[in-house]
Structure formats: structure tokens, C-alpha cells
Amino acid sequence: MSRRVRTRFAPSPTGPLHMGGVRTALFCYLFAKKHGGDFILRIEDTDQNRFVPGAEEYIIEALKWCGISPNEGVGFGDGAYGPYRQSERKPMYKKYAEQLIEAGYAYYAFDTAEEIEQMRENMTKQGVQNPSYNSVTRQYMKNSVSLSADEVKARLANGEPYVIRHKMPRNEEIKFHDLIHGWVSFNSSQIDDKVLLKADGMPTYHLAHVVDDYTMKISHAFRGDEWLPSAPTHIHCVKGLGWENEIWEYAHFPLILKPDGKGKLSKRDGDRLGFPSFPINWTDPTSGELSVGYRERGFFPEAFVNMLAFLGWNPGTEQEIFSLEELTQAFSIDRVHKAGARFDFDKTKWFNQQYLKEKSNAELADLIAPQLAAKNYNASNAFIQTFCSMIKERATFINDFSEMGYYFFEDVKIYDEFTIKKKWKTERISLFEELNAELLNDSTFNASSIEHIVKDFIAKNSLGMGDVGPILRIAITGTMQGPPIFELMELLGKEIVEKRIKIAFEKFNSLV
RNA sequence: GGCCUGUUCGUCUAAGGGUUAGGACACGUCCCUUUCACGGAUGAAAUAGGGGUUCGAAUCCCCUACGGGUCACCA
């Protein structure tokens with residue numbers, strides 16, 4: 001009764017994986033892991049015309065980055081059900097297609113593309129709204145249903161090109177159960193005779209899905225909602241092959257929609273919607289066009305995965321931050337939504353920020369080391385860790401650190417002139433020189449000693465913090481935004497503070 | 001257009017016949033801080049419409065509207 005849980009993610013290497021695909025993989029992974037089963041990566045490379053070099057490697061690398069590694073399949077070590085690339089499984093499909101013919105569930109078709117086109121035109125002229133190769137039109141086409149057995153034999157013997165088409169019944173109720181949608185039923189009269197085996201001997205998705213999921217002992221076939229309309233074809237083929245008692249459970253996941261709700265997110269979107277739609281960078285091999293991925297944009301894989309999990313699923317509690325392990329525990333297919341979810345980049349950034357805040361300063365110091373090195377910023381590890389502690393609650397991405405806090409490592413490049421003009425009073429110049437001198441005399445020079453000096457100075461001269469704070473802050477950092485100024489002065493040290501104040505005061509005078 | 005599928009704050013969602021319809025993002029206000037953020041508090045904000053069933057409906061049924069998917073020798 002209890003069957004080993006085996007799920008698979010089966011992308012086609014026709015380009016990069018987009019985030020919708022990653023989410024499908026994630027759900028398959030979570031479900032398999034939760035039930036102690038297997039998660040398999042199968043590459044659906046049956047369309048040689050659409051093959052894109054580098055796509056398979058991309059898919060593997062992207063899954064690795066996300067931490068949703070298959071335990072079986074292309075790139076992750078073969079298991080007992082290989083090969084895991086459909087092109088390498090080519091020989092087996094024909095056998096099953098022929099088995100379907102013998103069972104009366106499929107037939108040979110010899111029509112050329114032009115003949116099919118002609119048929120569609122004729123049907124349209126006759127007022128048929130949706131012309132297709134189906135239980136009615138197949139009678140008028142060149143196939144083993146309409147042609148005599150002898151002629152079919154002769155054509156086959158002559159090596160005439162042919163495809164094998166599914167023979168969808170004329171008028172039958174086809175019903176199947178979906179873990180998310182419940183019972184879904186179709187009338188077969190609405191469904192066309194899909195090509196199962198192409199003229200080049202390769203299967204189409206329809207045959208490949210049925211044959212591979214059966215032979216790979218897949219227990220749960222999960223895929224996006226866009227597959228729902230072709231499910232009856234698959235169900236009927238399963239029946240024709242006599243596998244209906246061993247069939248997997250289906251679940252069709254809700255689609256991830258564009259932020260405006262107009263259509264599903266697709267590969268074609270790249271990063272031109274204002275946010276990445278790919279997990280990692282992708283360079284189109286023909287156009288050379290680069291689409292920035294979540295990884296390069298500065299997202300943590302944990303945050304990206306966490307966000308994806310919450311698109312169409314939720315745990316039913318108010319917890320939102322989940323590690324992969326926690327997701328595995330909490331995941332349940334019956335908490336997956338039915339309706340498509342619009343993507344929200346703000347929320348995605350929020351997830352990243354949550355993870356950023358939780359990183360230790362030591363971890364962050366390691367992570368930002370490359371960007372500091374790239375800018376030739378040299379500093380001790382202790383300095384960098386303090387820098388991280390001061391900047392992390394103000395940033396969303398680690399990529400932003402060196403840019404946001406450049407003044408930790410080099411002199412101020414841009415001054416907030418608006419605030420200077422408002423706050424700098426030329427007549428107070430000697431007063432500030434005095435403060436500067438007092439600061440230089442401070443032998444401790446830590447945040448609290450500096451604060452003392454400044455506060456005494458304010459009191460002595462009947463000023464307010466608003467008269468001094470901004471001046472100091474802009475002198476040191478150039479901006480009104482940033483970490484606590486006294487702590488920053490302590491970190492930078494007396495020499496740098498002295499130098500910056502000197503440069504700044506001259507600048508201020510020239511501005512006012 | 002046919003078929004399939006869906007519809008709770010702007011967005012992601014909770015509430016599986018009985019709640020002042022809850023949370024999060026984004027937005028407003030206040031507190032903390034005489035910076036910015038973080039954090040805390042608070043506000044505004046939703047059951048698409050119409051019919052049933054029921055003592056009682058966001059939840060069940062029907063109709064309408066609207067959205068999405070799909071209609072290839074692509075997956």
C-alpha cells in the first residue's frame with residue numbers, strides 16, 4: 001500500500017530556468033523530502049530545434065545554488081532508473097507508442113504540415129471555430145484509421161515519414177484527481193489527437209511524461225497549471241498502456257503571475273520587469289544579452305527560496321521565515337493554493353532583509369570581502385565586522401555595503417549641500433574650530449568620550465544638538481543618513497576624523 | 001472564441017457554516033533616536049455581483065461578471 005515517494009522536476013533545456021520553474025522544483029523537493037522519498041532531475045531534451053547550449057548546466061547550477069538538490073538524475077548522480085536525459089531514452093518511446101496503437105489508443109499519421117494546414121483552413125471556412133486534428137477530422141486525413149491496412153503497411157515499408165498520434169475517443173468523460181484541484185473532468189470531444197511520437201522518432205512531452213514517469217516509478221507528478229488542459233491526454237494514454245492501477249498522483253501548481261496580474265511570468269521576461277526572473281545570471285548565447293539573476297543581484301538563496309515557497313503556499317501559522325529544513329517539515333500539498341499568485345518584488349526584498357539582519361558580523365565580513373577587495377579597501381577584520389554591524393540594518397543586500405558605507409574606507413566624495421546650507425553658519429566657524437581642538441585633545445577618543453565633549457560644548461555655547469550633530473555627521477560622512485555618529489568617529493579614529501573635519505569646514509565655507 | 005481553471009485588503013494570504021474577517025509586504029501617523037535605518041505602537045484598507053440552502057454563509061449550490069491557462073511534429 002505505501003509506495004515510495006518519488007517526485008521529479010523535468011525542465012527542458014531551452015533556456016534558463018525561471019523562478020516559476022524553481023518553485024515547481026522546490027515543491028517537488030519539499031514533498032519528496034518530507035516523505036523520505038526521492039527527488040529526481042530529468043532533462044526533457046526531446047526538441048532538438050530548441051536546444052540551447054548551456055541551459056542544462058544552468059539548470060543544475062541554479063538548483064545547487066538554491067539548495068534544492070535532486071538525489072538522482074542529470075548532474076546529481078544517476079540512480080537506478082536512468083538515463084535521465086530523454087534524448088538518451090529515445091529507443092524506448094517507440095515501443096510504447098506502438099503498444100498504444102495495438103491497444104487502439106493511437107495510430108500512424110502520414111499527413112504533411114501543408115495537408116494539416118489545408119484541413120484547418122477548410123474547417124475554418126466551414127465555420128468550425130476551433131479546427132483541430134481530432135476524432136472527427138482524422139477520418140479525412142492520411143492515417144491508419146482512414147487508410148486501408150495494406151496501404152498503411154506499404155507506406156511504412158516505403159519508409160514514408162510518419163508520426164504516431166493519440167486516438168482520443170469521440171465522446172467520453174475523462175476524469176482524474178488532482179491533489180490541489182480535486183476532481184477535474186473533461187469531455188474527450190474537446191480534445192485533439194496529440195502527436196505522441198514525432199517524425200524524427202522523438203516523443204513529444206505527452207508520451208515522454210507518461211512513459212518516463214511510469215518507468216522511473218514516479219509516485220507524484222507535479223507541474224504547473226499550464227499542463228492541466230493536456231492532462232486528459234496523459235490519463236488516457238496511461239489507460240491505454242494498462243497502467244491505470246499504478247498511476248502517480250497529479251498536482252498542478254498555481255502559476256506565478258507578473259506583478260500587474262497580466263499573464264504568467266515567463267522566460268522571456270528576463271530582468272526587464274524591474275526584477276530578476278532567473279535564479280542566477282543568464283547570458284543568451286545567441287544575442288549575448290545578459291539577464292541578471294537573484295544571486296548576482298545580491299539575494300541570499302535562503303531568502304529567495306523562502307519567498308518562492310510563500311507564493312502559492314503558506315503554513316497556516318504566522319511564521320514567515322523558514323529555513324529549507326523548516327519548510328520541509330511544514331510543507332503540505334493541501335495547503336497549496338488554487339489561484340495564481342502575483343509576484344511582489346517588495347516582499348522579496350523584505351525576505352532578503354530578514355536574512356541579512358540575522359547574519360553574524362563575522363559571516364557578513366566574509367561575504368563582503370570580495371567587494372572591498374575590488375575597491376582596494378584595506379581594513380582589519382575587526383574594523384570590517386564593526387562596519388557590518390553598523391550597516392546591516394540599513395541595507396537590503398550585501399552588495400550595497402561598500403557603496404552605502406564607502407566613507408568607512410575613503411574620504412567623503414559627495415556632501416549633502418542642502419543640509420549644509422541650512423545648518424552651517426559662517427559666524428560659528430571659530431566655535432567649531434574650538435570643538436575640533438577639544439576632540440583632538442581627547443586621549444580616549446571613544447564614542448562616549450566624544451559624546452561627552454560634544455554635549456559639554458553644546459551646553460557651554462548654548463547650542464542644540466541640531467546645530468552640531470548634522471555638521472559633524474556631514475563632515476565625516478557627507479550625508480544625513482547613516483550609523484550613530486559618535487560610534488563611527490570612534491571606529492574611524494582621531495586622525496581620520498581630524499582630517500575629514502578640516503576638509504569639510506573648508507568645503508562648507510565655500511558653499512555658504 | 002471553445003475547453004479548463006480560478007476570484008478575501010493595492011499585493012501575498014489566514015479563517016474548512018457562528019471571529020469586531022487575522023497576519024505580512026507596501027502606505028500614513030506616533031514612540032524610540034535630535035541622522036537614516038532597525039524595532040515598537042497605531043491607522044487606512046478586503047470577502048467581485050446576484051440569487052438560493054440554512055436559525056446563521058467569505059465558507060455549500062446556481063447564474064453573471066471578471067482574471068488566468070490552453071488550443072504546435074514546444075515543453
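Below, read A as the first sequence line, B as the second, and so on, with proteins coming before strands; counting in each chain starts at 1. What you see is a predicted model, and the numbers here were worked out from it, not measured in a lab.
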Would you mind reading off the distance between [X] atom [atom1] and [N] atom [atom2], rounded to a whole angstrom?
X: L265(A); N: rC12(B); atom1: CG; atom2: P; value: 13 Å
X: E318(A); N: rA15(B); atom1: CD; atom2: P; value: 11 Å
X: E56(A); N: rA75(B); atom1: CD; atom2: P; value: 16 Å
X: M168(A); N: rC71(B); atom1: CE; atom2: C1'; value: 13 Å
X: K338(A); N: rU8(B); atom1: NZ; atom2: P; value: 13 Å
X: M19(A); N: rC12(B); atom1: CE; atom2: C1'; value: 12 Å
X: H181(A); N: rU7(B); atom1: NE2; atom2: C1'; value: 14 Å
X: Q86(A); N: rC74(B); atom1: CD; atom2: P; value: 13 Å

Mind checking whether [X] and [Y] have ring centres under 6.0 Å apart?
X: F176(A); Y: Y250(A); result: yes
X: W227(A); Y: F222(A); result: no
X: F299(A); Y: F304(A); result: no

Q. What does nucleotides 28-34 of chain B look like as a protein-contact string, B for base, S for sugar-phosphate only, - for none, at under 4.0 angstrom between heavy atoms?
A. ------B
Does [X] reach a base, just sugar-phosphate, or nothing at all? Heavy atoms under 4.0 Å.
X: T419(A); value: nothing
X: N314(A); value: sugar-phosphate
X: P483(A); value: base
X: P484(A); value: base
X: H337(A); value: sugar-phosphate
X: R223(A); value: nothing

Who pairs with [N] - Watson-Crick or G-U, where each distance is under 3.5 Å:
N: rA41(B); value: rU29(B)
N: rA46(B); value: none
N: rG68(B); value: rC4(B)
N: rU54(B); value: none

Q) Is it true that K455(A) and E451(A) have a side-chain N and a carboxylate O under 4.0 angstrom from each other? A) yes
Just so I know, are the side chains of [X] and [Y] near enough to count as touching, which here means a heavy-atom distance under 4.5 Å?
X: W248(A); Y: H220(A); value: no
X: P169(A); Y: H236(A); value: yes
X: F253(A); Y: I180(A); value: yes

Which nucleotide in the set [options] lies at the smallest distance from any side-chain heavy atom of [X]?
X: R165(A); options: rC71(B), rC73(B), rC12(B); answer: rC73(B)
X: R394(A); options: rG1(B), rC74(B), rC36(B); answer: rC36(B)
X: V163(A); options: rC12(B), rC73(B), rA75(B); answer: rC73(B)
X: Q481(A); options: rC73(B), rC12(B), rC36(B); answer: rC36(B)
X: N130(A); options: rC73(B), rG1(B), rC12(B); answer: rG1(B)
X: K198(A); options: rU5(B), rA14(B), rC74(B); answer: rC74(B)
X: V184(A); options: rC73(B), rA37(B), rU5(B); answer: rU5(B)

Take atom [atom1] in [N] and the same atom in [M], then report the distance between them in whole Å.
N: rA57(B); M: rC62(B); atom1: C1'; result: 15 Å
N: rC60(B); M: rG43(B); atom1: P; result: 31 Å
N: rU5(B); M: rA45(B); atom1: P; result: 36 Å
N: rU54(B); M: rC61(B); atom1: C1'; result: 12 Å
N: rG52(B); M: rA26(B); atom1: C1'; result: 39 Å
N: rU59(B); M: rU13(B); atom1: C1'; result: 16 Å
N: rA41(B); M: rU47(B); atom1: P; result: 27 Å
N: rG28(B); M: rA44(B); atom1: C1'; result: 8 Å

Q: Count the heavy atoms belonging to other residues, nucleotides or ligands that lie under 6.0 Å from OH of Y140(A), then report whether that count exceeds 12.
A: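 Open: at most 12 neighbouring heavy atoms sit under 6.0 Å from OH of Y140(A).
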Protein and nucleotides 25-27 of chain B: nitrogen or oxygen contacts under 3.5 angstrom:
residue	atom	partner	partner atom	Å
rC25(B)	OP1	W350(A)	NE1	3.2
rC25(B)	O2'	K347(A)	N	3.4

Over all atoms of both residues, closest heavy-atom pair of [X] and [Y]:
X: A62(A); Y: L17(A); value: CB-CD2, 4.4 Å
X: I321(A); Y: E326(A); value: O-OE1, 3.8 Å
X: F322(A); Y: N306(A); value: N-OD1, 2.8 Å

Are [X] and [Y] in a cation-pi setup, meaning NZ or CZ lies under 6.0 angstrom from the ring centre and within 45 degrees of the ring axis?
X: K359(A); Y: F300(A); value: yes
X: K175(A); Y: F186(A); value: no
X: R165(A); Y: Y133(A); value: yes

Q: Quick one: pull up NZ in K167(A) and OG in S188(A) and give me the separation to the nearest 0.5 Å.
A: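 K167(A) atom NZ to S188(A) atom OG measures 12.5 Å (nearest 0.5 Å).
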**Q.** Sorted by number, the residues of residues 186-194 of chain A with heavy-atom contact under 4.0 Å to RNA chain B
**A.** F186(A), Q190(A)
Q | Given RNA chain B, 5'-ward residue of the pair G312(A) and S12(A), judged by closest heavy atom | A | G312(A)
Q) How do A341(A) and D111(A) order along RNA chain B: which one's closest nucleotide is nearer the 5' end? A) A341(A)
**Q.** For H234(A), the option from S230(A), P232(A), C237(A) that meets side chain to side chain contact (heavy atoms under 4.5 Å, CB included)
**A.** S230(A)
Output one line per pair: protein atom, nucleotide atom from nucleotides 64-69 of chain B, and distance, for all N/O pairs under 3.5 Å.
residue	atom	partner	partner atom	Å
rG69(B)	OP1	K264(A)	N	3.1

Q.
Does rC74(B) have OP1 or OP2 under 4.0 Å away from a side-chain N or O of T46(A)?
A.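 Looking at the OP1 and OP2 atoms of rC74(B), neither is under 4.0 Å from any side-chain N or O of T46(A).
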Q | Partner residues of F331(A) under the ring pair (Phe, Tyr, Trp, His ring centres under 6.0 Å) criterion, sequence neighbours left out | A |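 For F331(A), the residues satisfying ring pair (Phe, Tyr, Trp, His ring centres under 6.0 Å) (neighbours in sequence not counted) are F27(A), W313(A).
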Q: Could you list all the side chain to side chain donor-acceptor pair (under 3.5 Å) pairs where at least one residue sits in residues 459-474 of chain A, not counting sequence neighbours?
A: E438(A)-K460(A)
